[in-house]
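The next block holds one structure in the form of structure tokens; read it before the comments.
Here is the naming used below: chain letters follow the sequence lines, and residue numbers restart at 1 for every chain.
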Protein chains: 2
Amino acid sequence: MSTVTSTRSGGSAATRQAIGRAARRLFHEAGYAGASVRAIAAAAGVDAALVIRYFGSKEGLFLETVAIRGRFDDVTNGPLEGLGRRLVASLLQDRPQQTFDTWRAMLRASDSDRVRERLIAAMEEMFIVPLAPRLTGTRAELRARLVAAQISGLLDAVAILADRRITEASLADLVELYGDSIQALIDRTD
Amino acid sequence: MSTVTSTRSGGSAATRQAIGRAARRLFHEAGYAGASVRAIAAAAGVDAALVIRYFGSKEGLFLETVAIRGRFDDVTNGPLEGLGRRLVASLLQDRPQQTFDTWRAMLRASDSDRVRERLIAAMEEMFIVPLAPRLTGTRAELRARLVAAQISGLLDAVAILADRRITEASLADLVELYGDSIQALIDRTD
DNA sequence: AGACGTTGTCAACGCTGTTGACAACTCGGG
DNA sequence: CCCGAGTTGTCAACAGCGTTGACAACGTCT
């Protein structure tokens, strides 16, 4: 029986990984539009058609290879006191460059509805779901969503606009200033 | 003598405007990648080649037609007290949908260095330059830049992620919560 | 009338994502 | 052993993209 869907069912796991690795690297380096399927295929030592055979489409390839993998459980589960600062520290200090690369690539590719949905789901899962039920006071969920918005803003400044006055500022200053600003949303009681 | 640069020197102002209007509309609707030069040309009732003749390249067309035009002087020049809230109110209330469309289009097109530079320059001009010298206390410029980052975050949430819990929240709540969080950065004295 | 600069079109180039046809290879059953 | 079947991969082609060089249509000035 022939495969109905466009993605090839099984395939060689090795080739699939090779394509995936090349794709992740090139998407991060050149962005969605800048990384052509043919370039990815060449980097993986394979024909461009095969890339599509394995992943269905360029968009599918992007969605499967470029994913936000952040885990902030340790921070979001910790004490509310000082959570804002620890959030910023965790983002800027613990995370590898890859987090920024991924944010940049996904935001720029958010023309695609499916990429946008992934981005929303990731923010929801990483920040809003763990944070909202822990906030005391009114409008807890809205406040959690606004915390997520603030994190977006920090990621924009660092990963997309690449504001040097921010990227070159001391980590301590950023943690203190931006963290306390986030904390204002967390602590709010009214 | 023939024109050296790729952009045609004079040209008919009427056609130029027609192309510009069509471009702005399509870029806002479909984004940079989604709006093809041929589609823009068709909407302007003109050949695709002419679009390039007039604007040099698709990127040049984008830069000339999609520009952030926000003026926040009235807010940034106003009293520091309550400035955070007034900033959020001005963004969400006074600005037309076009501001969000432009933010979305430019951020998604920020693969291009020149688009990125424009975005940085716009944020700098609209917020950092007027705000930084007015802030009292230490690290004034960094704080102004972080205020700009927070604004990016709000624009992301509203214009790109289109978080419905935020877009559908009451203006008063957003102004109060996010505005006070921004105010924390403005008021900081240490 | 004829030369000239301007305004616009047409066909083509090399690139893109994607697909259908086909080759090379592995493997189980007679 | 060998043959058919299934898997893994390539090739050539398609339509659409941004861009360019050659060329047509047109008004204007001498």
Side-chain angles (χ1 to χ4, degrees), chain A residues 1-20 22-23 26-27 29-66 105 108-109 111-115, chain B residues 1-20 22-23 26-27 29-66 105 108-109 111-115:
Chain A
M1 192 182 78
S2 73
T3 316
V4 176
T5 63
S6 54
T7 61
R8 191 161 277 188
S9 49
S12 154
T15 346
R16 195 181 181 83
Q17 272 191 16
I19 296 173
L26 288 183
F27 278 141
E29 281 178 20
Y32 182 81
S36 78
V37 172
R38 280 173 172 85
I40 293 170
V46 123
D47 188 271
L50 198 64
V51 173
I52 302 296
R53 293 279 126 86
Y54 270 83
F55 293 90
S57 66
K58 185 184 181 181
E59 190 190 34
L61 175 62
F62 183 83
L63 287 169
E64 272 197 55
T65 55
V66 178
R108 285 181 179 160
D111 286 290
S112 151
D113 282 342
R114 277 154 62 195
V115 171
Chain B
M1 194 181 78
S2 72
T3 315
V4 176
T5 63
S6 55
T7 61
R8 192 163 276 189
S9 50
S12 155
T15 355
R16 194 182 182 84
Q17 272 191 15
I19 296 174
L26 289 183
F27 279 140
E29 281 177 20
Y32 183 80
S36 77
V37 171
R38 281 173 170 84
I40 292 170
V46 122
D47 188 89
L50 199 63
V51 173
I52 302 295
R53 293 279 127 87
Y54 270 82
F55 292 89
S57 67
K58 186 184 183 183
E59 190 191 36
L61 175 61
F62 183 83
L63 286 170
E64 270 197 55
T65 55
V66 178
R108 285 179 180 163
D111 286 289
S112 149
D113 282 341
R114 276 154 62 192
V115 171

Just compare dT19(D), dT8(D), dT9(C) and give me whichever is closest to any side-chain atom of Ala48(B).
-> dT19(D)

For the side chain of Leu50(B), starting at C-beta, report the closest nucleotide among dG8(C), dG9(D), dT19(C).
-> dG8(C)

Under 4.0 angstrom between Tyr54(A) side-chain N/O and dT8(D) OP1 or OP2 |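 No.
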
Would you say dG8(C) has OP1 or OP2 under 4.0 Å from some side-chain N or O of Thr15(B)?
->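 Indeed, a polar side-chain atom of Thr15(B) lies that close.
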
Minimum-distance pair of heavy atoms, taken over all atoms of [X] and [Y]:
{"X": "Thr65(B)", "Y": "Leu61(B)", "value": "OG1-O, 2.7 Å"}
{"X": "Ala105(B)", "Y": "Phe62(B)", "value": "O-CZ, 3.7 Å"}
{"X": "Ile40(A)", "Y": "Ile19(A)", "value": "CG2-O, 4.1 Å"}
{"X": "Val51(A)", "Y": "Ala41(A)", "value": "CG2-CB, 3.7 Å"}
{"X": "Ala22(A)", "Y": "Ala43(A)", "value": "CB-CB, 3.9 Å"}
{"X": "Lys58(B)", "Y": "Ile52(B)", "value": "N-CD1, 4.0 Å"}

Please state how far atom [atom1] in [X] lies from atom [atom2] in [N], giving the value in whole angstrom units.
{"X": "Ile19(B)", "N": "dG18(D)", "atom1": "CD1", "atom2": "P", "result": "14 Å"}
{"X": "Lys58(B)", "N": "dT16(C)", "atom1": "NZ", "atom2": "C1'", "result": "12 Å"}
{"X": "Asp47(B)", "N": "dG21(D)", "atom1": "CG", "atom2": "P", "result": "16 Å"}
{"X": "Ile52(A)", "N": "dT10(D)", "atom1": "CD1", "atom2": "C1'", "result": "15 Å"}
{"X": "Phe27(B)", "N": "dG18(D)", "atom1": "CZ", "atom2": "C1'", "result": "11 Å"}
{"X": "Glu59(B)", "N": "dT19(D)", "atom1": "CD", "atom2": "C1'", "result": "14 Å"}
{"X": "Leu61(A)", "N": "dG17(C)", "atom1": "CG", "atom2": "P", "result": "10 Å"}

Parallel, tilted or perpendicular: ring planes of Phe27(A) versus Tyr32(A), cut at 30 and 60 degrees |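 Plane angle under 30°, so parallel.
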
For the side chain of Arg53(A) and the base of dT10(D), is some donor closer than 3.5 Å to an acceptor across the two?
-> yes

Please list residues of residues 32-45 of chain B whose heavy atoms come under 4.0 Å from any atom in DNA chain D, ordered by number; otherwise none.
->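 DNA chain D contact set from residues 32-45 of chain B: Ala35(B), Ser36(B), Val37(B), Arg38(B).
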
